[in-house]
**Student:** 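Encoded as structure tokens, here's the structure I'll be asking about.
Below, each value reflects all heavy atoms present in this structure, side chains not excepted, and no hydrogens, waters or symmetry copies.
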Amino acid sequence: MQASDDDLTRTLRSGSRVTAHTTRLGGRDVSAQVQSWQLERSYSTDLPDAMRAFSGSSAAQLQLQVSGTGDTSAPALYSPWAPRSTGDAARPGQSVVHRYGTDGGVLPAFRGTLRNRSAASGTDSVQLTALDGAERLRGPADLPKPYAGFYWRRPVATATWCVDELLRQAGLHSCPPPRHPEFDPASPLTVVYASLHGGFAATYGQPEVVPDPRHYGWSRDGAPHEMALVPHAAAPDTNALTATWFPRSRVTVPGSRLFAEAWVNNAVGFGSTVALELDLNRTGTETGRLRIAVDFSTGQVFMHSGTREGSGWYYSWGVSALKEKRGVWHIGGLFDTVSAGTSVLPTVQPFLTGPDGKHYPCGPATFTDATAAQPAAELYQLRLVTQLATESVQLSTGLPAAPTATEFAQTGAWAKEVRLDDAILPLHAIPRVSGSQWEVLTQIARASMSTAEFDERGVFHWRNYTRFAKPPTAPDLTLTSVRDIAALTVTEEIDACRNYCVQPYKDWSSVKVTSGTTYHDTVVREIPGNASVTLKYVLADEEFDIGPPNVDDDQSVAPGFSVRFAAANAAGATAVKGAVDILARREEGCLVLRLTNRTARRLYTVDEDGRPSVHIQTLKPSTEPVERQATSWVPGSTSERYYGRQEYCAEAGDWVQDYRAAQDLADAMRAAGQYPVPVLGDVEVLYDPAIQLGDVVRVVDTSGAALDTLAWVVGIKTAATAAGTVQQTLTLRGTRTNGVPADTGLTPDTPSDREPLPAGATYAVVAAAHPTLADLTATGSTWRQIKESGL
């Protein structure tokens, strides 16, 4: 139920309904011009109608009939050919906000955009149709295809993560979004962004090391924003949980300002530390490292520069609030490696915001010890090492300066418009998708028995089947035939009974990584100073994403995906490191590489032998996953005894990839359908603007159906066809059946008539009537005629 103030609550309880509404088109109030309106919300599902495990999406639709004003008719104001000064208020794509209620107040009812308008000449009426936030999700669906899941044979994402990612693409956020999503050589760029909302898959970047699922979980309780990675325990050989990502662009050091950040809750986890580490690919086999670590138990922040092998130097800052304040912290670290030379002593600065929203400034510090120097290198990967609940990890580069406190908090840059449910359906490989974002969301909802909807305020809600797993015990609202119910129809059908449920799933446990297409560039590419060169290579649909190539040098060569740069297009030319930013992205069936020269001299993609040096090795699954089935069935159950065996097999798809998840879905389907649950349709009720989809109402009917039961609201239709009159009709699904059939005083007939058929004539009777075979033949009768004649 929507929350309402005291005046509206009092009005609703009194039973008085003096209706009111407000309507805005393009921010302009047109309430006085609305002649009639109709709003409808309902869940769509491909399951039997009366099954309790409903699923699918709900897109609310608002229909308005608007009149003109003054001496000007509605078509003259709002038709497609009306002047833009007035017609744009009703153009397709224009914003619509509708609120309704009583004289005690109005509540949000609809927020969306207009889809069409129809103006009939000679009348004073324009028909408008609007759709809620689902209209914002008409862009093409696009999900990453990381290989790390089947490489490690561990889940890399969940269906919930995919939902969150599709919403983020449409500009709907559940946590702070990427700071700099668009690539522009002259602007900052977010090179890694991992929400950790049910998966290690990344919006930008590529997961590389995926931890064992026994050591972590996904939790909404205590999450900084919506959902967090919560370590349960460290791997046996470490003291923290570790995950890594390749960046989408291998930026160069020296030359970059790198900003790493994450949100953590120091009250959730098994320890007190969290660290973000930047690995740098130097010449040879040594790996450079830049690191920020926070220890909440001691109240210290550490920033290190050196190597992964152990050399280097660090600075520390003491912040007493770190150990005193429990809750959500935003941590960040700036690594300034801007330098004109071939080596740099970085300047580092931590950033901290506490649970109370207070920013704790820490001054910058520049390393002076030679072991902290970073020679020419490229960014290799971002590493998260955590003992605490962590969310929204990102790494940005190219910042012009250290962020201000407002910039660090991303104040005003986003609004939370998404609410998720617990993560379900672990995925070893993210399925291929096509169509719009809304179409894919609907597909996932049906596959996972979940619901997707925008509420009256325009906030998206994703709810799992677990929402309906346990029958509620208390209603949000009580409806009685004495006061609230004007009409009611109750139906029950055997098609709603499902006691043998099958859930297919794709088993990835035996799938490994194998090589896909190998490309060896046939041309040495020239990259002018301070310029970019873009290369494209065709990728097959079954080939998975790969990160930017590693940069070879004369001491070490990376196998597979790599490139070597030199200052001359000649054999034997010395390799150049730390000079070219390499961006990789998948775009329209191609792998796109953008090579940006950060120096003033010309560079060439040439190997030691003078041949083209761009080598690309794509990856793909070694085989297709095996389709298996999980079945939920109780032999000889009471349901089967009364209703027979009723089978339901869910549609096979790619979204269920785990036996446990498949079994849970099958069990939920059987629990929902082992007895047919009644549907209460055409329930005309006393208008109540606070009712929402998914509410639980108590229906008390003493005038007709004689029932007293709890039911879920799965459809709402509200309409005002004349001033001051509003009709509201609900569709309800019972939360339980009326108990197990008893058949008291009944002896149901058997499926077939068990009485013996008439015996017909015996052999003796036939022989007496026809003593010889000739006599029998002379009659010309068939055996059936003789047998049934009764002779």
**Student:** Roughly how far, to the nearest 0.5 Å, is the CZ atom of F110 from the NE2 atom of H21?
**Tutor:** 14.0 Å

**Student:** Check whether D688 reaches the backbone of A690 with its side chain - one donor and one acceptor, N or O, closer than 3.5 Å.
**Tutor:** yes

**Student:** Please check if the side chain of W245 supplies one atom and the backbone of F200 the other of a donor-acceptor pair under 3.5 Å.
**Tutor:**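 At least one qualifying donor-acceptor pair exists.
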
**Student:** Any donor-acceptor pair under 3.5 Å linking the side-chain atoms of S31 with those of D29?
**Tutor:**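 Short answer, yes.
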
**Student:** According to side chain to side chain contact (heavy atoms under 4.5 Å, CB included), who are the partners of A445, at least two apart in sequence or on a separate chain?
**Tutor:**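 Only W462 meet the side chain to side chain contact (heavy atoms under 4.5 Å, CB included) criterion with A445.
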
**Student:** Would you please indicate yes or no on a ring centroid separation below 6.0 angstrom for H330 and W263?
**Tutor:**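 That pair passes the under 6.0 Å test.
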
**Student:** Which pair of non-hydrogen atoms, one from L107 and one from A3, has the smallest distance, and what is that distance?
**Tutor:** CD2-O, 3.5 Å

**Student:** For D695 and M1, indicate whether the former's side chain and the latter's backbone hold a donor-acceptor pair under 3.5 Å.
**Tutor:**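 Yes: the side chain of D695 pairs with the backbone of M1.
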
**Student:** With a 3.5 Å cut-off and no angle check, do the side chains of Q728 and E684 form a donor-acceptor pair?
**Tutor:**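 Side chains of Q728 and E684: no pair found under 3.5 Å.
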
**Student:** Working to the nearest 0.5 Å, report the span between CD1 of I691 and CZ of R41.
**Tutor:** 12.5 Å

**Student:** Please give me the minimum heavy-atom distance between A89 and L114, naming the atom from each residue.
**Tutor:**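 Minimum heavy-atom separation between A89 and L114: O-CD1, 4.0 Å.
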
**Student:** List the atom of T729, the atom of D682, and the distance in Å for their closest heavy-atom pair.
**Tutor:**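 In terms of heavy atoms, the two residues are closest at CG2-CA, 3.7 Å.
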
**Student:** May I ask you to decide if T11's main-chain N or O and S14's side chain share a donor-acceptor pair within less than 3.5 Å?
**Tutor:** yes

**Student:** Check whether T390 reaches the backbone of V264 with its side chain - one donor and one acceptor, N or O, closer than 3.5 Å.
**Tutor:** no

**Student:** Enumerate the salt bridge (Lys or Arg N to Asp or Glu O under 4.0 Å) contacts for residues 112-128, please, sequence neighbours excluded, ordered by first and then second residue.
**Tutor:** R115-E135

**Student:** Have a look at D545 and tell me which of R248, R586, K145 forms a salt bridge (charged side-chain N to carboxylate O under 4.0 Å, His left out) with it.
**Tutor:** R586

**Student:** In sequence, state the C-alpha distance, the side-chain angles, and the governing distance for Q63 and Q127, and then conclude on side chain to side chain donor-acceptor pair (under 3.5 Å).
**Tutor:** CA-CA 7 Å; Q63 293 179 307; Q127 304 286 340; over 6 Å; no

**Student:** Identify, with sequence neighbours excluded, every residue that meets side chain to side chain contact (heavy atoms under 4.5 Å, CB included) alongside A423.
**Tutor:** T158, T160, W218, M227

**Student:** Would you give me the side-chain donor-acceptor pairs under 3.5 Å for residues 185-192, sequence neighbours excluded?
**Tutor:**
residue, atom, partner, partner atom, Å
S187, OG, D184, OD2, 3.4
T190, OG1, R179, N, 3.4
T190, OG1, H180, N, 2.8
T190, OG1, S396, OG, 3.2

**Student:** List the atom of S174, the atom of D164, and the distance in Å for their closest heavy-atom pair.
**Tutor:**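 So the two residues come closest at OG-OD1, 2.6 Å.
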
**Student:** Hey, what do you get for CZ (R698) to OG1 (T735), rounding to the nearest 0.5 Å?
**Tutor:** 12.0 Å

**Student:** Who pairs with T478 by side chain to side chain donor-acceptor pair (under 3.5 Å), at least two apart in sequence or on another chain?
**Tutor:**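 Counting only residues at least two positions away or on another chain, T478 forms no side chain to side chain donor-acceptor pair (under 3.5 Å).
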
**Student:** Does one side chain, of Y204 or Q394, offer a donor that lies under 3.5 Å from an acceptor on the other?
**Tutor:** no

**Student:** Does the plane of the ring in H173 sit parallel, tilted or perpendicular to the ring in W414? Use 30° and 60° as the thresholds.
**Tutor:**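 The rings of H173 and W414 stand perpendicular, inter-plane angle above 60°.
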
**Student:** Sub-3.5 Å donor-acceptor pair from the side chain of D132 to the main-chain atoms of A60, do we have one?
**Tutor:** yes

**Student:** Looking at P144 and W161, what are the two nearest heavy atoms and their distance?
**Tutor:**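 Closest pair (atom of P144, atom of W161, distance): CG-CH2, 3.6 Å.
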
**Student:** Under the salt bridge (Lys or Arg N to Asp or Glu O under 4.0 Å) rule, collect the residues that match up with R432, sequence neighbours excluded.
**Tutor:** D541

**Student:** Check for a donor-acceptor pair, side chain of W37 on one end and backbone N or O of Q65 on the other, with a separation under 3.5 Å.
**Tutor:**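 Not confirmed, W37 side chain does not pair with Q65 backbone.
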
**Student:** Side-chain contact test, heavy atoms from C-beta onward, threshold under 4.5 Å: evaluate it for V713 versus T731 and give yes or no.
**Tutor:** no

**Student:** What distance do L137 atom CG and L172 atom CG have between them, rounded to the nearest 0.5 Å?
**Tutor:** 6.0 Å

**Student:** Within a radius of less than 6.0 Å around CG of D356, do more than 12 heavy atoms belonging to other residues, nucleotides or ligands occur?
**Tutor:**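 Enclosed.
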
**Student:** For residues Q35 and S125, is any side-chain donor paired with an opposing acceptor at under 3.5 Å?
**Tutor:**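 Indeed, the side chains of Q35 and S125 share at least one donor-acceptor pair under 3.5 Å.
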
**Student:** Checking D455 now: which residues fulfil side chain to side chain contact (heavy atoms under 4.5 Å, CB included) with it, not counting sequence neighbours?
**Tutor:** R457, V459, H461

**Student:** Is there a side-chain contact between L732 and V697 (heavy atoms, below 4.5 Å)?
**Tutor:**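 A side-chain contact exists here, since the closest heavy-atom pair is under 4.5 Å.
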
**Student:** At their closest point, which heavy atom of Y193 faces which heavy atom of C175, and how far apart are they?
**Tutor:** OH-SG, 3.2 Å

**Student:** Would you indicate whether E587, at its atom CD, is surrounded by more than 12 heavy atoms from other residues, nucleotides or ligands within a distance under 6.0 Å?
**Tutor:**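 It does: E587 CD has more than 12 such atoms within range.
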
**Student:** Out of curiosity, S195 OG to L229 CG, how far, rounded to the nearest 0.5 Å?
**Tutor:** 10.5 Å

**Student:** Would you sort out whether Q38 and T718 count as a side chain to side chain donor-acceptor pair (under 3.5 Å), showing the intermediate values?
**Tutor:** CA-CA 6 Å; Q38 178 177 299; T718 309; over 6 Å; no

**Student:** Quick one: list whatever passes side chain to side chain contact (heavy atoms under 4.5 Å, CB included) with R594, sequence neighbours left out.
**Tutor:**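 For R594 the side chain to side chain contact (heavy atoms under 4.5 Å, CB included) partners, ignoring immediate neighbours, are F183, S532, T534, L583, R585, T596.
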
**Student:** Could you check if a side-chain atom of V97 sits within less than 4.5 angstrom of a side-chain atom of T22, using non-hydrogen atoms only?
**Tutor:** no

**Student:** H197 pairs by side-chain hydrogen bond (donor to acceptor under 3.5 Å, both in side chains) with which of E391, H225, R220?
**Tutor:**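 The passing option is E391.
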
**Student:** Is it the case that the side chain of N265 and the backbone of G222 share a donor-acceptor pair, with hydrogens and angles ignored and the cut-off at 3.5 Å?
**Tutor:**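 Pair found, side chain donor or acceptor close to backbone of G222.
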
**Student:** With a 4.5 Å heavy-atom cut-off, do Q61 and T129 have their side chains touching?
**Tutor:**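 A side-chain contact exists here, since the closest heavy-atom pair is under 4.5 Å.
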
**Student:** Verify whether one side chain among Q2 and Q692 offers a donor that lies under 3.5 Å from an acceptor in the other.
**Tutor:** no

**Student:** Do the side chains of L8 and L12 get nearer than 4.5 Å, heavy atoms only?
**Tutor:** yes

**Student:** Show me the donor-acceptor pairs within less than 3.5 Å that the side chains of residues 403-413 make with the rest of the protein, sequence neighbours left out.
**Tutor:**
residue, atom, partner, partner atom, Å
T404, OG1, E407, N, 3.1
E407, OE1, T404, N, 2.9
Q410, NE2, P177, O, 3.2

**Student:** The criterion is side chain to side chain donor-acceptor pair (under 3.5 Å); which residues satisfy it with Y78, sequence neighbours excluded?
**Tutor:** Q33

**Student:** To the nearest 0.5 Å, how far apart are CG in L77 and OG1 in T72?
**Tutor:** 5.0 Å

**Student:** Quick one: salt bridge (Lys or Arg N to Asp or Glu O under 4.0 Å) pairs with a partner in residues 414-425, sequence neighbours left out?
**Tutor:**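 Checked against salt bridge (Lys or Arg N to Asp or Glu O under 4.0 Å) - neighbours excluded - the pairs reaching residues 414-425 are R136-E417, E226-K416.
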
**Student:** Quick one: which residue pairs count as a side chain to side chain donor-acceptor pair (under 3.5 Å) with a foot in residues 91-104, not counting sequence neighbours?
**Tutor:**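 Passing the test, one end in residues 91-104: T23-H98.
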
